Amino acid sequence: MVVVFLLLLLMPSSRSATSISVVDRNVVVGEMGEMLQLRKRRRRRRGHVSLLTCVVGFLFLCQVSRLAAAAVLHRHQRISGSAGDVLEDNPVGRLKVFVYELPSKYNKDWLEKDPRCLTHMFAAEEFVHDFLLTSPVRTHNPKEADWFYTPVYTTCDLMPNGLPLPFKSPRIMRSAISYISTHWPYWNRTEGADHFFVVPHDFGACFHYQEEKAIERGVLPLLKHATLVQTFGQNHHVCLKEGSIVVPPYAPPEKMQSRFIPLSTPRSIFVYFRGLFYDVGNDPEGGYYARGARAAVWENFKDNPLFDISTQHPSTYYEDMQRAIFCLCPLGWAPWSPRLVEGVIFGCIPVIIADDIVLPFADAIPWEKIGVFVAEKDVPNLDKILSSISPEQVLEKQRLLANPAMKQAMLFSQPALPGDAFHQILNGLARKLPHDPHIYLEPGQMVLNWTEGPVGDLKPW
Amino acid sequence: MKKVTGSSHRLARMRSKNRSGFNSEQASETSFRLMPVSHFRVFIQCMFCIGTLILGFRLTTESSFLKASFQNPEDPFTRISARTDSSASTGTESQFDLQLRREFANGSKGSRLAYNGTIVHSSGGVRVDVGRHAILIRPWPHPDPFEVLHAHHLIKRVQLEQRQLYGSKESKPIIAITTTFVRTFQAVHLTGLLHTLSVIPVPVTWIVMEAGGVTNETAHFLSLAHVHRLLHLGFDIPMPAGLNERSKLEAQMRVEGLRYVQKEKLEGVVVFADESNIHSLEFFTEAQKVDWVGAVSVGLLGFAGFEESPQSGIVHVHDGRVEARENHILFAARQAAAAPRFEPQVQGPSCDSNGNLIGWHIFDPLPLEGEVHKGMRAAQNRRLEWANFVLNARAVWKTEGNQPEWIRSWDEWANPEDGSTPDIKAIVRSDQWVKVLGNCGRKVLLWWLRAEARADSKHPNKWILDESLEIIVPAKSTPWPRRPVRRAAPPPPAPAGGTGTKHGAGSRVSSGKVRRPKRKQDQTNVS
């Protein structure tokens with residue numbers, strides 16, 4: 001049995017997902033030497049030739065079965081990110097979250113005024129609140145809580161066309177924080193260092209849809225120490241705070257899961273994209289929108305038959321994505337978009353064209369192995385880049401995408417399932433525990449300046 | 001007025017600053033001169049003001065072009081500027097145009113900088129590049145054939161992997177039997193079917209029965225097919241004009257096709273691929289699952305098969321997924337956002353919850369205008385389409401002992417004694433032996449496009465006109481009825497038990513060529 005095990009370790013497999021570490025090999029080589037000696041001793045004894053043939057025959061059979069097992073096509077592959085297989089971690093029992101009871105003007109009233117907040121791509125804040133209220137990590141005793149959650153919906157002030165107005169959001173946030181700091185002692189204890197907020201707007205807690213204005217404003221000063229759960233992520237950017245958790249934007253899980261087509265439908269579209277190339281209302285000449293990257297895609301590839309790109313939004317959008325090999329996910333006014341989520345759910349390899357972007361759950365999901373990253377300056381060579389990826393790499397990426405854990409981690413599923421985006425957020429929060437003891441301030445010690453920020457923010461709400 | 005001149009003064013001064021050093025020097029020099037030159041200077045400035053008012057922004061760009069043309073040209077690839085018009089993007093631009101556009105970028109960027117200053121490089125190690133960027137276009141933005149070839153190799157490899165992972169393990173050959181005849185819409189229908197059959201991954205034997213004998217036109221179409229084996233057989237009787245007679249003749253032609261299968265002892269799955277049907281490739285993979293006789297659902301498109309009435313007589317055909325989800329906060333909001341469903345009309349088998357065949361959905365078309373409306377429709381002969389059925393080829397072989405006893409022998413069903421047309425459903429003795437394919441009939445795998453030109457419409461051979469037409473007359477009065485009649489009273493309620501009738505309300509009148517259904521069968525519900 002030991003011999004069989006050693007030979008199994010030694011046989012190289014072409015399609016196996018596991019890799020043999022160097023340490024194992026050394027051990028195995030040592031044991032191989034022992035095994036050879038064992039064989040010599042056996043040969044000396046006559047009458048044990050038959051035993052030898054039995055052993056050799058058995059080994060041969062094992063080798064054949066091993067190769068046969070290796071030849072079985074693997075449908076999907078385990079995701080092991082930079083932190084290991086953390087997608088499947090269970091956060092229950094590792095942290096406790098206390099949910100503040102805010103008056104309904106901060107959350108429910110917004111929903112009643114406009115229920116579209118539940119279906120647009122910023123709906124994560126509502127669904128996280130809903131999830132935490134019934135989650136086993138919730139505790140009603142704030143003394144034993146590790147994290148504190150404030151359910152304030154800052155992205156629910158919608159214009160008639162459905163886009164959220166961020167102008168009141170800083171005031172709403174300030175008002176919520178002043179409420180919790182006066183009614184509970186836990187904010188002042190740490191100045192918010194063990195509190196987390198969900199801010200899924202375009203540029204997170206900078207609360208503006210225009211990048212220049214958002215950079216000017218910066219992250220809301222009161223949230224300087226708090227952990228932010230946001231969709232925006234870009235390296236070297238003011239609006240991505242150190243220690244933030246980047247989550248995917250909300251995409252309706254039922255709508256997507258009801259539109260699956262059979263997996264045997266052949267993928268015949270090479271590159272697929274539907275969306276704007278020129279934002280004609282705000283930037284008709286092009287160059288501002290998406291830093292000119294989307295316009296470059298259009299100008300270079302509009303007559304290329306491999307690129308199925310258009311601004312028309314068809315009713316078979318989800319079905320078409322399942323028939324495509326690559327789906328473009330370029331930046332727009334902000335670098336993130338629900339296309340990434342849709343591409344992952346439908347098995348279409350995302351081609352991410354956004355410099356310095358931080359993708360959701362980047363410490364748990366190895367995005368370089370799953371998607372293709374193209375620099376914005378390389379967009380004119382996109383067809384060369386994509387057609388020069390080897391078929392083995394493409395199949396590898398498709399196998400990683402087919403992993404159900406991967407698809408689950410991108411969804412805010414109703415009801416919450418293990419491994420979905422809610423649990424990944426809790427995992428991220430749990431990984432930041434235990435808190436640094438320096439965050440606990442002396443009574444009376446104030447670090448935050450409550451009068452910091454633009455004058456318009458200081459008005460009470 | 002003063003304000004305008006003041007601002008244009010400022011503009012003029014800024015513009016003069018943008019010029020080469022000599023000009024700015026001169027401007028600053030002139031500003032220090034006193035009386036003797038002031039009149040002249042005022043005059044010059046007034047001329048420039050008027051000039052800017054007339055010519056507008058162009059002066060800035062011209063000046064910045066002059067300025068930039070003295071600078072070093074940058075890499076022509078990366079600095080080609082914004083929004084080219086279609087004439088330039090064909091790649092036939094001259095060197096000068098390239099130069100101009102290149103400098104345009106610099107100029108416009110420069111002028112933007114002067115006016116707005118939108119490039120933000122904030123402090124603290126933050127590297128953000130907000131502002132107008134150049135749209136990068138490579139010098140020849142058209143597909144490269146070698147890259148297209150690489151991409152197609154990639155697609156083929158991915159599809160092979162998909163077939164191996166998710167495709168069906170069986171690969172029985174398909175025998176497709178099609179009836180056709182030369183007419184206006186033959187090209188429309190036949191080309192679609194031809195390409196569908198050419199891309200099926202299993203070997204296809206295509207038996208084409210042509211009414212009126214083998215013709216060159218049909219042979220010309222069929223030469224484009226990539227099938228394993230193509231049989232173009234002729235049937236000497238020409239296709240009649242009436243729809244009932246047409247269906248009878250087609251049934252006879254299909255029986256002839258099956259006789260060929262029987263004679264040659266072909267193996268595989270027999271599929272009645274009518275040329276007016278639109279097949280999905282999934283249909284052919286589902287057809288592989290048949291043991292002896294299978295039934296599929298056929299959706300109806302086109303004339304009187306598309307409109308639906310708001311009455312409850314419509315049978316819902318959707319997969320039985322439970323849609324409602326309970327959520328204590330958000331349920332009501334989600335209900336409000338639910339989208340309306342599209343309900344197609346479908347003809348085919350219907351199952352109960354256990355998956356057993358209990359009946360058939362049959363399409364009941366509206367009577368057409370000008371036709372005698374028969375009161376007692378239940379007495380009509382109701383039949384399913386041949387396309388609803390899929391056979392194992394061995395079911396039509398003549399050798400006894402190979403087939404199960406519940407399959408009628410060839411002589412029994414294919415040549416009925418009373419001279420009526422053979423019915424494919426009669427090949428089995430009872431319905432319980434029919435295997436229902438496509439998720440128990442819930443998945444519609446093929447669609448019947450009920451659209452056809454007038455029987456007497458003339459069209460040139462191969463749709464090529466040798467000489468120009470002298471007179472073109474639109475088709476107006478035809479012997480055929482034009483549109484269905486609206487029912488005066490709502491139809492009788494559907495009986496319980498899973499079957500129902502589908503009614504088409506309203507009409508669709510198209511100008512020009514009038515669409516006719518290819519086959520019209522009076523059918524009501526059958527249990």
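Side chains are part of it too, since the values below use all heavy atoms of this structure and drop only hydrogens, waters and symmetry mates. All values reported here derive from a predicted model rather than from experimental measurement. Letters A, B, ... mirror the listed sequences (proteins, then strands); counts begin at 1.
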Side chain / backbone / both / neither for [X] at chain B, heavy atoms under 4.5 Å:
{"X": "F277(A)", "value": "neither"}
{"X": "S390(A)", "value": "backbone"}
{"X": "D283(A)", "value": "side chain"}
{"X": "P266(A)", "value": "both"}
{"X": "V379(A)", "value": "neither"}
{"X": "E216(A)", "value": "neither"}

Please identify, among I389(A), I325(A), I269(A), the residue contributing the most non-hydrogen atom pairs under 4.5 Å to chain B.
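Of the options given, most contacts go to I325(A).
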So which of G287(A), G292(A), S387(A) has the biggest tally of heavy-atom pairs under 4.5 Å with chain B?
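Counting heavy-atom pairs under 4.5 Å, the top option is G287(A).
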Nearest 0.5 Å, please: how far is [atom2] in [Y] from [atom1] in [X]?
{"X": "F326(A)", "Y": "I155(B)", "atom1": "CZ", "atom2": "CD1", "answer": "9.5 Å"}
{"X": "E147(B)", "Y": "L382(A)", "atom1": "CD", "atom2": "CG", "answer": "10.0 Å"}
{"X": "E392(A)", "Y": "R157(B)", "atom1": "CD", "atom2": "CZ", "answer": "7.0 Å"}

Do K377(A) and L136(B) pass the side chain to side chain contact (heavy atoms under 4.5 Å, CB included) test, and can you show the C-alpha distance, the side-chain angles, and the key distance before you say yes or no?
CA-CA 7 Å; K377(A) 62 175 172 46; L136(B) 305 174; 4.3 Å; yes
Is there a side-chain contact between L154(B) and F270(A), using heavy atoms and a 4.5 Å cut-off?
yes
If you define the side chain from C-beta out and look only at heavy atoms, does anything of T265(A) sit under 4.5 Å from Q162(B)?
no
N/O donor-acceptor pair under 3.5 Å between R132(B) side chain and G286(A) backbone
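Yes, because the side chain of R132(B) sits within donor-acceptor range (under 3.5 Å) of the backbone of G286(A).
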Can you tell which part of H153(B) gets under 4.5 Å to a heavy atom of chain A, answering side chain, backbone, both or neither?
neither
Of all the heavy-atom pairs spanning R138(B) and N381(A), show the shortest one and how long it is.
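Answer, listing the atom of R138(B) first, then N381(A): NH1-CA, 4.3 Å.
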Tell me the closest heavy-atom pair linking E161(B) and R399(A), and the distance in Å.
OE2-NH2, 4.1 Å
Steps toward side chain to side chain contact (heavy atoms under 4.5 Å, CB included) verdict (S268(A), Q159(B)):
CA-CA 8 Å; S268(A) 45; Q159(B) 288 185 357; 3.7 Å; yes
